[in-house]
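To find a chain, count down the sequence lines: A is the first, B the second, and so on, and within it residues start at 1.
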Amino acid sequence: MSTVNLVYFSWVRERIGRGEETLDVPANVVTVADLLTHLKTLGEEYETALEHQNVIRAAINQEHVDHREPIAGAREIALFPPMTGG
Amino acid sequence: MSTVNLVYFSWVRERIGRGEETLDVPANVVTVADLLTHLKTLGEEYETALEHQNVIRAAINQEHVDHREPIAGAREIALFPPMTGG
Amino acid sequence: MNAPVTVRVQREDFDLNVEVAKLSSGRADIGAVVTFSGLCRDEAGTLAALELEHYPGMAEAQIKRICHEAVERFSLQAATAIHRYGRVAPGDNIVLVIAASRHRQAAFDGASFIMDFLKTSAPFWKKEHLGDGTTGGWVSAKDADDRAQERWGADK
Amino acid sequence: MNAPVTVRVQREDFDLNVEVAKLSSGRADIGAVVTFSGLCRDEAGTLAALELEHYPGMAEAQIKRICHEAVERFSLQAATAIHRYGRVAPGDNIVLVIAASRHRQAAFDGASFIMDFLKTSAPFWKKEHLGDGTTGGWVSAKDADDRAQERWGADK
């Protein structure tokens, strides 16, 4: 088990129903992809928010990462839809 | 013989020594190229100004033309070096 | 390259003259300043407002990365990027990018590069509020924006 | 296309905010405004001033032609071009181009197109006055500017 700080934005935030949370994750959650799979087991709101897993973008410690990135040592993991700035 | 109003800019103006003049030109001066050739017979200042005839730009009635353009009916013919606006 | 880069993420509007003056005043080596202002469109009268959400901290950091990349790539003399968040009405400013350089092409390319990457890799999201009082949902990312970014051949 | 085109050739300086406001205020269909300001460089301290000569009448007419061509080609919603003449010092403005459109690429392309054609086909000439009191002669046309114009594939 380890503890991660999660932050959500846009419709990921709205569907999960909160903007941030601290979660304990099992030791077999190694990558961002593992984290997404794990979150989807935590309830319908996560399932709905993360249903189309391939469109979910992730950042670790405020830097973009892809889903294969290990999350070990992450202070903050952010999950959000494709960005629409500018 | 016909009468043309000529205007000069930049170093063409400086070398000819005036900014504008009205000249009578012989009937065999048909195109801009003919006009340049004719002007060069009028004195050393014209010869110096128009020496590199291919770099001289021309406008008739304030529109760019090339050297083959007939000058008949022109109200105003301008001669100047390549432009350096912007 | 030690060109000044100014990045701000703010709720308030910005002033074009003030930002250009900050970046160019007192120096006579700049030949070209290109500004890009992105405005909220009313979408033929259907839109009442856009709500801009952002990821505080990462938004600033990511825009700085993009600006420094542009400065290096196009040898810019200075770059500024200001992105607003919160509610903006049609006709309001959303984003300002300024690029300064000796010659015009670099300034155009720099500003265009920064905008293309802001669109696709700065953590902002837009929600539509419609004129009839309903929420129009979140603006979707555009394939055209991904292609615009990809034409620079970079990996950011 | 009935997009407003504003062209001025003037001795006085211009104000970026005022010109952008003139072109965009009161409308909510514009999504992108690109401005280009061309400034007089001091050429590493050697230049005291530039003297800009122009062909009155033709200068305005030619810039209008270029702007209308850009409006049509890039479906611009508005375009402005202001070119100064007379003496300008290092750091001073020389030229301002503004292009407005729904989307950013057209605004960038429109402003860039207008600048490329201003450089090569608007009747202006620049004379250098050097810091040591002498005249540095007339600025030569650049091959790079001809190539920049030619990339648009137009005949103007």
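- Relative ring orientation between Y55(D) and F9(B) is described as tilted, the plane-to-plane angle lying within the 30° to 60° band.
- Neither the backbone nor the side chain of V55(B) comes within contact range of chain D; no heavy atom of the residue lies under 4.5 Å from a heavy atom of that chain.
- No more than 12 heavy atoms of other residues, nucleotides or ligands sit less than 6.0 Å from atom CD of E44(B).
- Using a 4.5 Å cut-off between heavy atoms, R57(B) does not touch chain D at all.
- With rounding to the nearest 0.5 Å, the separation of OG in S10(B) from CD in E51(D) is 10.0 Å.
- At distances below 3.5 Å, not a single donor-acceptor pair connects side-chain atoms of W125(D) with backbone N or O atoms of G85(B).
- Interface remark: K127(D) contributes side-chain atoms only to the contact with chain B (heavy atom separation under 4.5 Å).
- Atom CD of residue E53(D) and atom CZ of residue F80(B) lie 11.0 Å apart, to the nearest 0.5 angstrom.
- By the 4.5 Å heavy-atom criterion applied to side chains, K119(D) and M83(B) are not counted as neighbours.
- In this structure, T84(B) contributes its side chain and K126(D) its backbone to a donor-acceptor pair below 3.5 Å.
- Between E63(B) and R65(D) the shortest side-chain heavy-atom distance falls below 4.5 Å.
- Heavy-atom contacts from other residues, nucleotides or ligands closer than 6.0 Å to CD of E21(B) number more than 12.
- Chain B forms the most heavy-atom pairs under 4.5 Å with one residue out of A81(D), A61(D), P123(D), A59(D), and that residue is P123(D).
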